[in-house]
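Excluded from the calculations below are hydrogen atoms, water molecules and symmetry mates; all remaining heavy atoms, backbone and side chain alike, are included.
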Number of protein chains: 2
Amino acid sequence: MFKIELDGTASIHDQICSEISRLISVGVLAPDEKLPAVRETAKALGVNPNTVQKAYAALEKNGLIYSVPAKGSYVAPGGMAAEAVKKEASEALRTAMEKAALTGVSRETAEEIMNDIWGKKG
Amino acid sequence: MFKIELDGTASIHDQICSEISRLISVGVLAPDEKLPAVRETAKALGVNPNTVQKAYAALEKNGLIYSVPAKGSYVAPGGMAAEAVKKEASEALRTAMEKAALTGVSRETAEEIMNDIWGKKG
DNA sequence: CAACTGTATTATCCGGAGTAATACAGTTGT
DNA sequence: ACAACTGTATTACTCCGGATAATACAGTTG
C-alpha cells in the first residue's frame, strides 16, 4: 500500500492523482497491477471514499488506469500508463517553461536549473 | 493601459499579478512608472476594485511595486522589480522541473522542450 | 473645494472541496 | 448460497475561498 502525505495547497484528489501517477511512471505500480480498493485507500489515507473515487475516476479518464466494476482498478497495461504520465508531465513542463520564458527567464538560467536536477550533461 | 484576458483556472487576482509581473520583467512597465489606479484597472478589466487591490497588495508584498496612499502605485525602482520577477519565475521553473524529473521525464525530453521554446542552442 | 489616490471594513453570494450516508449490481472465496 | 468484497452512483450537508458590493476614511492634487 502506498502512502501519500497531504501537504500541498492542491485538492486532495489532485494530490492522490499526482502521487499514483508518479508511482506508475517510476514503476512502483506495474502494468495491470491491481490498485488498492477505493475504500481501502480512503481508510489508509484517512480520507473520504468519495474523494478517492474522484481521483480514480480522473486517472481512468486520463488513461492511466482502468476500472472493472465489482473487480477492482488496475494500472493500464503495456506501459501505456507510464507513457501517459510522462506525456502529461512533459506538457506541464512545457507550460512552465513557456511561462518562464514569457517573464524573461533566459535559456542559460533554465539550463543551470536543469543541471541541478538532472545532472550536468556529458 | 494594459490588457488582461481572464481565461485561466487561476483566481483573477493571481492572473492580474502574473500579468503585471510579466509586463514588469519584460520592461513594458518601467521602474518607478505609475500603475493605473485600482479603480481604473478594475473598470478596464470589468472586475471588482477589491480584486485589483488584492492583486496590488500581493505585488507590493513581493517587492514588485510600492504603493503610496493618496498618490498611487509604482513599479519598484532600479530594476529590483524585474529581478524579483525573474527570481520568482526561476523558482517556479525549478519546481516544475523537479516534479517532471520525479515522474520520470528524462533530461533529453526536457532539452527538446527547451529548444522549442528558447530556440536551439549554438 | 472637488476629484482623485490607496486602504480598510463589512456583508453577501457562489462554487468547489470534502464529508457523510446510502444504495445498487456484479465478483469472489468459502 | 452466502458473506464480503468490488466499482459506481446519488443525494445532502458543511466549510472555505473567490468575487462582488457598498461604503468609509485619510491624504494628495489641481
Donor-acceptor contact below 3.5 Å, side chain A:Glu98 vs main chain A:Thr95
no
Between CG of B:Asp14 and P of D:dG18 the distance, given in whole Å, is 8 Å
DNA chain C contacts among residues 62-77 of chain B, heavy-atom distance under 4.0 Å:
B:Ser67, B:Val68, B:Pro69, B:Ala70, B:Lys71, B:Gly72, B:Ser73
Could you state the CD-P distance from A:Glu40 to D:dA4, rounded to the nearest angstrom?
17 Å
Can you see which heavy atom on A:Ala84 is nearest to which on A:Asn62, and at what distance?
CB-O, 4.2 Å
Quick one about B:Ser67 and B:Tyr74 (side-chain donor to acceptor, distance below 3.5 Å, no hydrogens or angles considered), yes or no?
no
Of B:Val38 and A:His13, whose nearest nucleotide on DNA chain C comes first from the 5' end?
B:Val38
Hey, quick one: are A:Ile117 and B:Met114 part of the same hydrophobic cluster, counting side-chain heavy atoms closer than 4.5 Å, chains of contacts allowed?
yes
Could you tell me which non-hydrogen atom of A:Gly78 sits nearest to which non-hydrogen atom of A:Pro31, and how far apart they are?
N-CB, 3.7 Å
Rounded to whole Å, how long is the line connecting atom NZ of B:Lys43 with atom P of D:dT20?
15 Å
For DNA chain C, produce a single dot-bracket line, 5' to 3'. Pairs: Watson-Crick or G-U wobble, both distances under 3.5 Å. Symbols: ( ) within strand, [ ] crossing, | other strand, . unpaired.
||||||||||||||||||||||||||||||
Any side-chain heavy atom of B:Tyr66 within less than 4.5 Å of one from B:Pro77?
yes
Could you walk me through whether B:Ser106 and B:Thr109 pass side-chain hydrogen bond (donor to acceptor under 3.5 Å, both in side chains), step by step?
CA-CA 5 Å; B:Ser106 70; B:Thr109 302; 2.9 Å; yes
Please answer: with hydrophobic residues joined when any side-chain heavy atoms are less than 4.5 Å apart, are A:Val38 and A:Leu29 in the same cluster?
yes
What nucleotide among D:dT6, C:dA17, C:dT5 has an atom nearest to a side-chain atom of B:Arg39?
C:dT5
Any idea which heavy atoms bring B:Ala110 and B:Val105 closest together, and the distance?
N-CG1, 4.5 Å
Are side-chain heavy atoms of B:Glu91 and B:Lys87 found at a separation under 4.5 Å?
yes
Any donor-acceptor N or O pair under 3.5 Å, side chains A:Thr51, A:Asn48
no
The correct set of residues in residues 48-61 of chain B placing a heavy atom under 4.0 Å from DNA chain C is B:Asn50, B:Gln53, B:Glu60
